[in-house]
Each structure stands twice: as C-alpha cells, then as structure tokens.
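Numbers here simply count residues along the sequence, with the first being 1. Order of listing sets the numbers, starting from 1, for every ligand and every atom in it.
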Amino acid sequence: MSGIFGAYSAAGKTVLEEVYLGLYALQHRGQESAGIAWAENGHVASARGMGLLHNAVDQHGLSLKEGRCAIGHVRYVPIESSQLHNILPICANYARGPVAIAHDGLVTNITELSRQLEARGAIFQSTTNSEAILHMMAQKSHMEPVDALVDALKKLQGSYAIVVLLEDALVAARDPWGFKPLVLGERDGTYYAASESCALDIVGARLLRDVEPGEIVVIGAKGMKSLRVRQDNGERRMHCSFEYVYTARPDSIIDGRSVYEARKEMGRRLARKAPCPGAELVAGMPDSGTISAIGYAQAAEIPFEMAVVRNRYVGRTFIQPTQKVRELGVRIKLNPIAELFKDRSAVIVDDSIVRGTTAERIVSMIRNCGAGEVHLRIASPPVLHPCRYGIDTRKEETLAAVRMTLDELCKKVGANSLDYLTEEDLVAAIGLPEERLCTACFSGKYLEG
Ligand code: 5GP
Ligand code: SF4
Ligand code: MG
C-alpha cells in the first residue's frame, strides 16, 4: 500500500503546500519515503527523501516554490527492499514535456511489460511500476501525453490507483477492478485526487466522488474530463476489503462507505457471532482494534475501557529492533492498565492476526496484570492467503492461521478463547455487495486468470 495525492488549481494558485498537507493525512499508508513533484518553467521539479514526510520533504522550502499542479506519494515497502532510487513520484522530461507519476498498487504483468520495454531500448533506474508506465509513454511520443498515458494504462493488469502530472494537467486513474481507493475533491476552483477522503478534509476540500473503477480523470485549465481504460466490465468489482479492516483511516469514506461505520459493524457482528458471557470489560488493541471493540461492547452491553494505551509517538521506524528492544517487546508501543484487568474477565478485540506476534505479546502482558480471563476476538476472518494486489509483504508460510488450527493458535497466544468474524459478516459489515469486494486474503478467491 501507498498513499497518493494530487492537486490542480484552475485559478493558477500554487498547490505545493496543499499536496504536502494531503500527504501528511495519508502518512498511515506509507512511512518508508515520500516525495512531491510539480512543473516549473516547463520542467519537472521534485522534493523527496527517505522516512516520514516531515523528514523527507522540507515544508518551508516547498512554501517558497510555486506550481499550480503537483502530485505526491508516501511509500510503504518492507524494510529490506527500501531503496533510494524507488522513491516516487518518478519524474522525467520527455519529448512531450514534463511528466511525473505516482501509484498505489501492484501491476501484476510488470515483468513482462518491462522486458518488452527493455527490448526496445528503455533503461530503468528503479524497480517501480510507475517507471514502466513512464517508459510506455515515452515510447509513444508521437501521441499527445494524455493519449500515450491512456494507451499505457490499457496494458496494465493488477491493481493501481495513480496520479500523473503533465505540463498543464493532473490525471487520476483507477484500475478497472477498483482494488485501490481514489477519490476526487474540490475547493475554490482547485481539484484534488487522493487515496482517501481524510486527505481532502485536511485541505478543506469537499468530497466530490470516487474515481470509478477503470476511469481516467483528466483535470486541466478547461475543467474535468472523464475517459475509460476500457469498456466497463459490468457490476464485477474488487474493492479491497482490507482497507475497511485495517489499512484506511477511520475518518475516510471509501466507495461511499464510512470506514468507521464499517469497523463498528464488524465489532457488533463479532459480538453476536462470538459472545463472551461473563466478561466484565471490552478493550481494543489500539489503534486498529479500537473501533471494532466499541461496536463489540455496545452490542454485548459490556463496558468498553481504553484499557490498553498506545504511545502516540511510536512510529514504525523510530526504534531499531536490537536484542534489548526485542526482549522488552511490544511494551514500547502498547501498555495495559493493570488495575482494569486485575482479577477480571476481559474481551480484547483486534482487527486482524497476521503472524500472531502482537496477539501473543498483548495477551501475556494482560495476564501479567493478574487478569482472570482473556478472550481474544478478531474483527476479520483468518488471514489465510497472501495478497497479490499490493500488500505483498505477507508470505503464506508466516501466516499464523495457516500454520496452526484455531485451538493451537489460541494456546499459542495464551488466551482463554479465540474467535474470528466470518467472511459473510465481514462483507455485510462493509455493506457493499459481495460481487464488488475483494476478500482474497481471507477466502482465496483471487481474480480469475
Ligand atoms: P501480527 O502481529 O499478527 O503479525 O500482526 C497483526 C497486527 O498488525 C494487527 O494489530 C494489525 O493491526 C496489524 N496489521 C495487519 N496487517 C498489516 C499490514 O499489512 N501491515 C502492517 N504494518 N500491519 C498490519
Ligand atoms: Fe485487499 Fe486482501 Fe484483496 Fe489484497 S487480497 S486486495 S489485501 S482484500
Ligand atoms: Mg494493530
């Protein structure tokens, strides 16, 4: 996953700081690196770097520059494949002017496409999907930039939400299945494209609508124009259900559905499917389990307590995983309030179990508080399959639910009981028709072909 943001001011105002702010609201989608690109005197300019946005891009320096159109990206990758040359947006000045591209997703036929491009002389500087799109455009320099881009997008398979900066246009596009979220916003003649609506809120923009699956939106001096990657594939969609479970911020609205409401409904349904009679409190694993825990508590009529506290200043990359840190474990990030757990029976709700590490540590910490019973409830179905569409960091053999039965996993994490949400309840809680959702990491139902 990654976060993307773009802005275009029809009134010719500079949008660079707004792109910075938009990315700031999308930081949860990627912390490895960040970058912003804009056009300056007919050439593409950029600011970029490693780490969180405020380390990667100098906000003050940016405020001194000007650009009526700009795009930006926050990148998430497993730490071992973190590379300077892969920071997005990828930028170039080609025969038809400046171009910059940033994407979220995973183009599944990228190896094949790159091989064809290399055979025709393309030299790659990075291993990003965005650069392949750039080369496809460059090799069609007899076409208008927008037409060359549309032509390139037609060749892609897999998932993508992309923003593209052209000399005087912003393009936002979403793959025909709609795996990755992408919304459009507007404020005072400035148009925005963002991975999530929370990034529109930060710049005071109004949410216009989602970019439709397979739609290419071109925003320029003459307004907004809508093109299509190919003829609509009908009602079949593959919106990522994991966005509602974990990835997105709860204050975002994706494909018309509030992430907060979806998470709360997951909790309510979990309470009905896997009740805990006799439990005296419900607590969520912050931040990802909190909202489902509130839903669980409300439906079960058990008091919700903010009984596990999270250090707000812990990011993903601040503390090195040295031996000492590993010994101290997750307590750096999460700490239970002992008095609330002592001699009591508690329900702990988290959004998902991947390797099972977080669950095991938190249950043992709560046990150390002298808890009577600890019942673990997961507000999504067991993660049984890797994602082929962009969250590619999970290997099948590392997934706790693949390696162990429910009873074995319950024993391993040390809980009195363990239960999950069903796939039917997940789909119902999200509230979109089943044929519009991807649930492949739970169900194994990948896109055919
Ligand atoms: P585990 O410790 O079981 O490997 O991971 C589960 C925890 O990680 C859950 O609390 C969940 O919120 C979070 N999580 C689930 N999926 C992902 C992911 O793709 N990336 C990151 N960084 N965290 C995840
Ligand atoms: Fe989302 Fe899972 Fe589908 Fe990947 S496999 S797109 S994480 S629902
Ligand atoms: Mg979590």
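- Of all atoms in ligand 1, listed by their number and element, those nearer than 4.0 Å to a heavy atom of T358 are 1 (P), 2 (O), 5 (O), 6 (C), 7 (C).
- Short contacts between ligand 1 and G356, defined as distances under 4.0 Å to a heavy atom of the residue, involve ligand atoms 1 (P), 3 (O), 4 (O).
- A salt bridge does not link E112 with R115: none of the charged nitrogens is closer than 4.0 Å to a carboxylate oxygen.
- Residue I353 places no N or O, backbone or side chain, under 3.5 Å from any N or O of ligand 1.
- Contact atoms of ligand 1 toward Y76: 20 (N), 22 (N) (distance under 4.0 Å to a heavy atom of the residue).
- Between F242 and Y246, the two ring planes are tilted [angle within 30° to 60°].
- Not one N or O of M1 is nearer than 3.5 Å to an N or O of ligand 1, by distance alone.
- Using a 30° and 60° split on the angle between ring planes, H385 and Y446 fall in the perpendicular class, above 60°.
- Side-chain atoms of R403 and T398 form no donor-acceptor pair, as typed in the model, at a separation below 3.5 Å.
- When each of T247, L26, V74, V183 is checked for a side-chain contact (heavy atoms from CB on, under 4.5 Å) with S195, only L26 meets the rule.
- Residue contact check: F242 has heavy atoms under 4.0 Å from atoms 16 (N) of ligand 1.
- Below 4.0 Å from some heavy atom of C240 lie the following atoms of ligand 2, by number and element: 1 (Fe), 6 (S), 7 (S), 8 (S).
- With sequence neighbours excluded, the residues forming a ring-ring contact (aromatic ring centres under 6.0 Å, His included) with F124 are H135, listed by chain and number.
- Against a heavy-atom cut-off of under 4.0 Å, S241 is close to the following atoms of ligand 2: 8 (S).
- Near F242, meaning under 4.0 Å from one of its heavy atoms, ligand 2 places the atoms 1 (Fe), 7 (S), 8 (S).
- Note on ligand 1: S352 sits in its first shell, one or more heavy atoms being nearer than 4.0 Å.
- Near S288, meaning under 4.0 Å from one of its heavy atoms, ligand 1 places the atoms 10 (O), 12 (O).
- Note on E265 versus R257: no salt bridge recorded, every NZ/NE/NH1/NH2 to OD/OE distance being 4.0 Å or above.
- Residue D351 has at least one heavy-atom neighbour below 4.0 Å for each of these atoms of ligand 1: 9 (C), 10 (O), 11 (C), 12 (O).
- Heavy-atom contacts of D350 reach the following atoms of ligand 1: 9 (C), 10 (O) (cutoff under 4.0 Å).
- At a cut-off of 2.8 Å, C438 coordinates atom 3 (Fe) of ligand 2 through an N, O or S atom.
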Between side-chain atoms of residues 338-354 and protein atoms elsewhere (two or more places apart, or another chain), which donor-acceptor pairs fall under 3.5 Å?
{"from": "R344", "atom 1": "NH1", "to": "L340", "atom 2": "O", "distance (Å)": "3.1"}
{"from": "D350", "atom 1": "OD1", "to": "S288", "atom 2": "OG", "distance (Å)": "3.3"}
{"from": "D351", "atom 1": "OD1", "to": "S288", "atom 2": "OG", "distance (Å)": "2.8"}

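- Here the shortest heavy-atom pairing between K445 and M238 reads O-CE, 4.2 Å.
- Salt bridge status for E243 with R29: present, with a side-chain N to carboxylate O gap under 4.0 Å.
- At least one N, O or S atom of C441, from either the backbone or the side chain, sits less than 2.8 Å from atom 2 (Fe) of ligand 2.
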